[in-house]
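Quick note on labels: first sequence line is chain A, next is B, and so on, each numbered from 1. Keep in mind the model is a prediction, meaning the values are calculated, not measured.
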Number of protein chains: 2
Amino acid sequence: MFLDDRKRRILQAIIDDYIDTAEPIGSRSIARKHELGLSSATIRNEMADLEEMGYLEQPHTSAGRIPSDKGYRFYVDQLMKMTELSTEEIISIRNAMEVRINELSQLIRQASMIMSKITRYTSLAVPPQLKKSTLKAVQVVPIEPDKVLVIVVINAGVVRNNMVKIPKEVSPDYLINVSNVLNEKLSGHTLEQLNLPFIIKEVESSVGACSELLGPILNSVVECIKQVDNAEVITDGATNIFNYPEFRDLIKAREFLNVLDEKDIICKLLANNYDKKGINILIGNEHGLEEIKECTLITTTYSMGDIVVGSIGIIGPTRMEYSKVISSMNYIRKKINQEINKLIDEKFE
Amino acid sequence: MFLDDRKRRILQAIIDDYIDTAEPIGSRSIARKHELGLSSATIRNEMADLEEMGYLEQPHTSAGRIPSDKGYRFYVDQLMKMTELSTEEIISIRNAMEVRINELSQLIRQASMIMSKITRYTSLAVPPQLKKSTLKAVQVVPIEPDKVLVIVVINAGVVRNNMVKIPKEVSPDYLINVSNVLNEKLSGHTLEQLNLPFIIKEVESSVGACSELLGPILNSVVECIKQVDNAEVITDGATNIFNYPEFRDLIKAREFLNVLDEKDIICKLLANNYDKKGINILIGNEHGLEEIKECTLITTTYSMGDIVVGSIGIIGPTRMEYSKVISSMNYIRKKINQEINKLIDEKFE
DNA sequence: ATTAGCACTCGACTCGAAGGAGTGCTAACA
DNA sequence: TGTTAGCACTCCTTCGAGTCGAGTGCTAAT
């Protein structure tokens, strides 16, 4: 598994060129373009070695070489030089993400958008999953004589509500009482901790059972909590794949776009990395999905405080500008975390 | 512009067949498949006439004929036989749309989804535009000592809220007072009628100016109202176009998908028909958009009470199963209107 | 160990011939 | 006069042969 310095330099040259041109790379063009001080014949021999070791592949006998998944993996882990974002790129990321944003999911939408724009690949994202966040407050507010609005407030400005019709008019005091009890029982717990059936009983006994009224209200609370995590998936720049010659084949383009439409597959791919730190790279077949085995998926997570709440990523051909994508993603991730925390501070410092 | 009965029958046969096969239709195949009691030579002559009149086109001299936009238009207006939905289709539409739905826009999302599934074309939709709906209630609710939640309630269970930090603690009574004044000034007006700057002044004078507090609250109200109409566009089944041979050309497929990504174009296309009754059909170049001049757009509107609030449609090749699409759309539209009114009744009878 | 040289491979492209679907026209027919 | 059979013609599509060129692997010389 050890590659001497010369092999590494040649492999790097081949992958860099292939990422650039999407054409199989021949020994002569490497000898010409890169100042390695070697003849094409020597390079040819080295390339044959690299192929035998599994880092390169040959589409057919008389063609140049292209990197294999293993080649890309080695490139990403050891060879690749990181690029810096240009100032224009940094500015456009800031502009996209520092707009006045109210809803957390809106922030992720923006992040996804700008990421596909900058990388020119397809971006994926799941909005924050808030199961692990704590419930801040519950309120029951009268709206019309026979309608009340149930409001559930979670972290970071996330609010859900549900209108509910009640069978008979109740006094504001009664509602305040209900609100207080609900607050006491519910707030401070994470959403996934909440043992709702148990709580319902407790509340009933505290308020003095009048389930005719309480029933619909408690149902609404449950409904609100359910609404918090609609496991939606965001994609942007799906048609970017048409820019890449490896998808000039209609069948491949179609397969790719079809996978993007399978929200649950994307969801799983993005959820994969919740426990891992930093940026996660799945090259080619590493994710094991037949339909996109010629794609690379690069993902990362974002957090609220210390808790990972969601994930964003990009998907594109294995021949991808890895370093560009990684540096954009690092920056965008940092920005997301910043902005989330700003939101929390503002709304609940 | 008059077509005798025989020409009509031949035109109909050609268009029916072409919709079926996507291949230019020759005189012989018409003579064989349809029992018109005519020889291919006669049909050939009629076809030459129909071409000269503009109803048919010939891709090249020795090919069969295909319908022109004008041909499709005549077909849609006069020849087409309506098909009924199958019971399975009706059931699957019902299943999709009668699920417990809370948010109005969710209903439209479902409708769009089922429409693309049944027609196998691409569906488009704009969620309800509520500018014309009336504001029902405004409430300001304390959440934490220095935070209040501003809630704006519109029709049909649509609620928007905004958390706002206030500079110093205020008494619940003060908030109730503010709520009452806001309610009095705002409720009952349609959103587009609201002259917000003027109202802000009025409220300030009523409550007794304390703009340090009122400012953020009023801003929040404005923010909520703005949020009501996010002119989002929903599309479903975009990759369905890959099923149609006219899009086997990569460039065309790409162009089509790119247009779908241009949310404002789609929005305009859908907004086009707000004043028209029933189902609206734009064939080929009739919509004047170069990029999708080989597509037909079929749209209709849906209403809340008597007021048109949104629009849904499908887009696909001009060679489209018009009758199928029209009958599905009629049914789905009816369902949307029903469900909207159910929602209104439930939440604000 | 490196390199020059050379025969060989194989995809991409071009060209032309063959095949076939469909037409328009003419002449015959009812 | 309207309909039909027949036929020459057009033009797309398909297929195979031939050519070109980039690139390889191997051998022998340095």
Side-chain angles (χ1 to χ4, degrees), chain A residues 2-11 13-15 17-18 20-68 71 245-246 248-250, chain B residues 2-11 13-15 17-18 20-68 71 245-246 248-250:
Chain A
F2 177 78
L3 291 188
D4 64 46
D5 195 54
R6 196 169 74 181
K7 280 199 173 54
R8 296 166 79 106
R9 283 220 302 280
I10 291 174
L11 182 57
I14 291 171
I15 299 186
D17 281 10
Y18 185 68
D20 217 42
T21 63
E23 308 260 300
I25 308 295
S27 54
R28 234 177 82 79
S29 76
I30 293 291
R32 243 186 298 117
K33 279 176 58 183
H34 300 262
E35 314 254 309
L36 299 172
L38 297 169
S39 75
S40 71
T42 310
I43 294 173
R44 206 143 56 231
N45 288 330
E46 294 286 32
M47 282 167 80
D49 288 355
L50 285 167
E51 181 176 357
E52 199 168 350
M53 296 161 94
Y55 295 103
L56 295 178
E57 291 172 353
Q58 217 171 1
H60 53 265
T61 30
S62 68
R65 304 299 206 297
I66 63 175
S68 67
E246 35 270 85
R248 229 179 288 155
D249 177 4
L250 199 61
Chain B
F2 178 78
L3 291 187
D4 64 46
D5 195 55
R6 195 169 73 183
K7 281 199 173 57
R8 298 166 78 107
R9 283 219 302 279
I10 291 173
L11 182 58
I14 292 170
I15 299 186
D17 280 10
Y18 185 67
D20 217 43
T21 63
E23 308 259 299
I25 307 295
S27 54
R28 232 176 83 80
S29 76
I30 293 292
R32 244 185 297 117
K33 278 175 58 183
H34 300 261
E35 314 253 309
L36 299 172
L38 297 169
S39 74
S40 71
T42 310
I43 293 173
R44 206 142 57 231
N45 289 329
E46 294 287 32
M47 282 167 81
D49 289 354
L50 285 167
E51 180 175 0
E52 199 169 351
M53 297 162 95
Y55 295 103
L56 295 177
E57 290 171 355
Q58 216 171 0
H60 54 265
T61 31
S62 68
R65 304 298 206 297
I66 63 176
S68 66
E246 36 270 84
R248 229 179 291 155
D249 176 4
L250 200 61

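Taking every heavy atom of both residues into account, A:Ile15 and A:Pro67 meet most closely at CG1-CG, 3.7 Å. Pairing each heavy atom of A:Ser39 with each of A:Ala31, the nearest pair is C-CB, 4.3 Å. Of all the heavy atoms in B:Ile66 and B:Tyr18, the pair that sits closest is CG2-CE1, 3.4 Å. The minimum heavy-atom distance linking B:Ala63 with B:Gln58 is given by the pair O-NE2, 3.1 Å.
When each of A:Arg9, A:Arg8, A:Lys7 is tested with A:Glu46 by the rule salt bridge (Lys or Arg N to Asp or Glu O under 4.0 Å), just one qualifies, namely A:Lys7.
Comparing B:Ala41 and B:Gly64 against DNA chain C, the residue whose closest nucleotide sits nearer the 5' end is B:Gly64. Nearer to the 5' terminus of DNA chain D, by closest-nucleotide assignment, is the contact made by B:Ser40 (compared with the other of B:Ser40 and A:Asn45).
Atom NE2 in A:His60 sits roughly 13 Å away from atom P in D:dA22 (whole-Å rounding). As a whole-Å value, the separation of B:Met47 CE from D:dT3 P is 16 Å. The distance between atom CZ of A:Arg44 and atom P of D:dA22, rounded to the nearest whole Å, is 14 Å. Rounded to an integer number of Å, the gap from CZ of B:Arg65 to P of D:dC11 is 14 Å. Rounded to whole angstrom, the span from the CD1 atom of A:Ile66 across to the P atom of D:dG23 amounts to 14 Å.
Backbone-only engagement by A:Ser27 is indicated by non-hydrogen atom pairs under 4.0 Å involving sugar-phosphate atoms exclusively.
Counting only distance, with no hydrogens or angles, the side chain of A:Thr21 and the backbone of A:Asp17 share a donor-acceptor pair below 3.5 Å. Under the 3.5 Å distance criterion, the side-chain polar atoms of B:Ser27 are left unmatched by any main-chain donor or acceptor of B:Ile43.
Taking the side chain as every heavy atom from C-beta outward, A:Tyr55 and A:Leu3 approach each other to under 4.5 Å.
Summary for the helix from C:dA1-D:dT30 to C:dA30-D:dT1: the axes at its two ends, each from 5 pairs, differ by 20° when rounded to the nearest 10 degrees.
Using a 4.0 Å cutoff to heavy atoms of chain A, the contacted part of DNA chain C runs 5' to 3' from C:dT2 to C:dG11.
Considering only residues two or more places apart in sequence or on other chains, B:Glu57 meets the side-chain hydrogen bond (donor to acceptor under 3.5 Å, both in side chains) condition with none of them.
Applying the 3.5 Å distance criterion, the base of D:dT3 shares no donor-acceptor pair with the side chain of B:Thr42.
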